[in-house]
Amino acid sequence: MTKTIISVVGARPNFMKVGPLERQFKDFPDINHMIVHTGQHYDDLMSGVFFDDLGLSAPARHLGVGSGRHGEMTGKVMIEFEKVCLDIKPELVIVVGDVNSTIAAALVARKLFIPVAHVEAGLRSFDETMPEEWNRRLTDCLSNLLYVSEPAGMKNLEREGIQMTGALLVGDIMLETLSMFLPGIESRRRWVDFNLTPKNYVLVTIHRPSNVDERDALEQVIEILESLPQKVIFPIHPRTRKRLDEFGLTERVNRMKNLLLVEPQAYIDFLSLLEGCSIILSDSGSVQAEASFFDVPCLVCRENTERPVYCEQGSCRLVGRDPKLTKKSVEEALAGKFPRSTDYVKNLGRDVAKKITVSIHDFLK
Ligand code: UD1
């Protein structure tokens with residue numbers, strides 16, 4: 001009998017995580033895999049281009065929830081996703097990452113007695129001011145199957161008393177996606193489109209509420225950008241753009257001669273810029289993995305990370321918004337004295353989707 005599995009995606013970092021799963025499920029003729037898009041991210045540059053780049057099938061359903069406050073967004077996803085589950089009656093729901101769509105879909109499925117699999121389980125920043133931290137913890141409580149990306153995740157789950165029979169250390173699926181698209185990334189040379197020279201520019205992505213939602217914090221970020229010794233390219237997230245406008249800081253940023261403010265980049269384009277840059281300054285989670293894969297020095301503009309493996313074995317360092325530490329790290333990186341990624345990190349993306357799909361197939365037998 002064919003079994004239906006729904007993978008739920010909502011926001012930009014989710015799309016890359018289902019690519020390898022969709023491909024791998026094709027090996028199982030008794031599984032009907034479909035994608036449901038909550039619509040948490042809706043701009044073409046935050047969503048549509050990723051489906052194109054990753055060759056993902058069009059979502060079977062689009063819930064069209066859009067943006068809003070946390071409760072509103074989570075609530076809307078729950079209302080709409082419950083209707084989809086009652087209609088499609090899937091045998092299992094896969095949720096990925098830690099965005100509001102992740103927790104909303106997991107809660108709906110579990111209350112309808114539909115088993116839940118969480119890809120990227122166990123990650124913890126231990127920072128309770130981060131909305132994602134609650135999404136991570138609560139989604140793991142609700143999940144029957146927990147696919148963990150790095151060793152710290154297994155320890156976190158154990159400490160929280162989660163039923164470990166459902167937990168499996170599989171590696172980081174973002175790195176598997178990256179490996180799948182590596183030839184396209186390596187030939188893309190996106191820097192040419194912006195007149196940049198490889199290893200002669202800094203790439204920046206900053207969008208976390210802790211860095212952009214308060215004026216003082218955002219000004220500190222701008223000061224750091226002003227201090228960088230090379231050209232800077234900054235694909236700007238809609239949240240950051242809005243805050244710059246709200247705080248009247250857009251003019252100041254536009255005046256920076258060394259800064260190129262550009263639209264959010266598609267998947268292959270962004271990774272091409274990452275491969276070509278000398279340093280990346282970022283507060284993103286997944287970028288820590290991707291930078292480590294390419295062995296590009298990554299200054300993480302956060303006080304903590306839920307992905308410690310990329311600071312321990314990768315090319316990442318937490319710098320917060322500390323100007324001195326950032327300056328010192330930039331100097332080290334440009335002098336070739338920054339910590340290099342180990343092979344352990346480079347191998348974390350091997351056969352991740354295979355391990356997950358085989359385990360789900362066994363579970364549903
Ligand atoms: C969300 C995730 C975050 C992830 C990030 C990646 C949560 C709690 N946060 O944060 O973990 O790193 O996505 O991008 O789920 N907006 C647009 N167009 C869009 C999407 C958003 O203009 O396509 C605007 C919204 O109007 C909103 C702002 O950007 O004001 C923030 O969007 P939101 O989805 O609330 O959170 P992110 O900051 O994107």
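Read the numbers this way: they start at 1 and go in the same order the structure lists the ligands and their atoms. Scope of the values below: all heavy atoms of this structure, side chains included, with no hydrogens, waters or symmetry mates. Along the sequence shown, the residues carry numbers beginning at 1.
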Which residue owns the protein heavy atom closest to [atom], what's the atom, and how far is it?
{"atom": "atom 9 (N) of ligand 1", "answer": "E132 OE2, 3.4 Å"}
{"atom": "atom 7 (C) of ligand 1", "answer": "Q40 NE2, 3.7 Å"}
{"atom": "atom 12 (O) of ligand 1", "answer": "H207 NE2, 3.0 Å"}
{"atom": "atom 18 (N) of ligand 1", "answer": "D43 OD2, 3.1 Å"}
{"atom": "atom 8 (C) of ligand 1", "answer": "N100 OD1, 3.4 Å"}
{"atom": "atom 30 (O) of ligand 1", "answer": "K242 NZ, 3.1 Å"}
{"atom": "atom 6 (C) of ligand 1", "answer": "P13 CD, 3.5 Å"}
{"atom": "atom 16 (N) of ligand 1", "answer": "Y42 OH, 3.5 Å"}

Kindly write out the residues that satisfy side chain to side chain donor-acceptor pair (under 3.5 Å) with S210, not counting sequence neighbours, or none if the list is empty. none
For [atom], which of the options [options] provides the nearest non-hydrogen atom?
{"atom": "atom 14 (O) of ligand 1", "options": "H237, R69, E133", "value": "H237"}
{"atom": "atom 20 (C) of ligand 1", "options": "M130, H41, H70", "value": "H41"}
{"atom": "atom 24 (C) of ligand 1", "options": "P264, S286, P238, A11", "value": "P238"}

Is a side-chain N or O of [X] found less than 3.5 angstrom from the main chain of [Y], in a donor-acceptor match?
{"X": "Y344", "Y": "V309", "result": "no"}
{"X": "D140", "Y": "G122", "result": "yes"}
{"X": "D172", "Y": "A289", "result": "no"}

Between atom OG of S7 and atom CZ of F25, what is the distance when rounded to the nearest 0.5 Å? 6.0 Å
Just jot down the ligand 1 atoms closer than 4.0 angstrom to any heavy atom of [X], in number order.
{"X": "M73", "value": "34 (O), 35 (O)"}
{"X": "R208", "value": "11 (O), 12 (O)"}
{"X": "M46", "value": "14 (O), 19 (C), 23 (O)"}

Between R350 and N347, is there a side-chain donor-acceptor contact under 3.5 Å, judged purely by atom types and distance? yes
Can you name the nearest heavy-atom pair linking K324 to D322, along with the distance? N-OD1, 2.9 Å
If you group Ile, Leu, Val, Met, Phe, Trp and Tyr by side-chain heavy-atom gaps below 4.5 Å, do F247 and L261 land in one group? yes
N or O pair under 3.5 Å between R239 and ligand 1: yes
When the ring planes of H237 and H207 are compared, do they come out parallel, tilted or perpendicular, using 30° and 60° as the limits? parallel
Other than M154, which residues form its hydrophobic cluster under the rule that side-chain heavy atoms must be closer than 4.5 Å? L146, V148, L157, I162, M164, L169
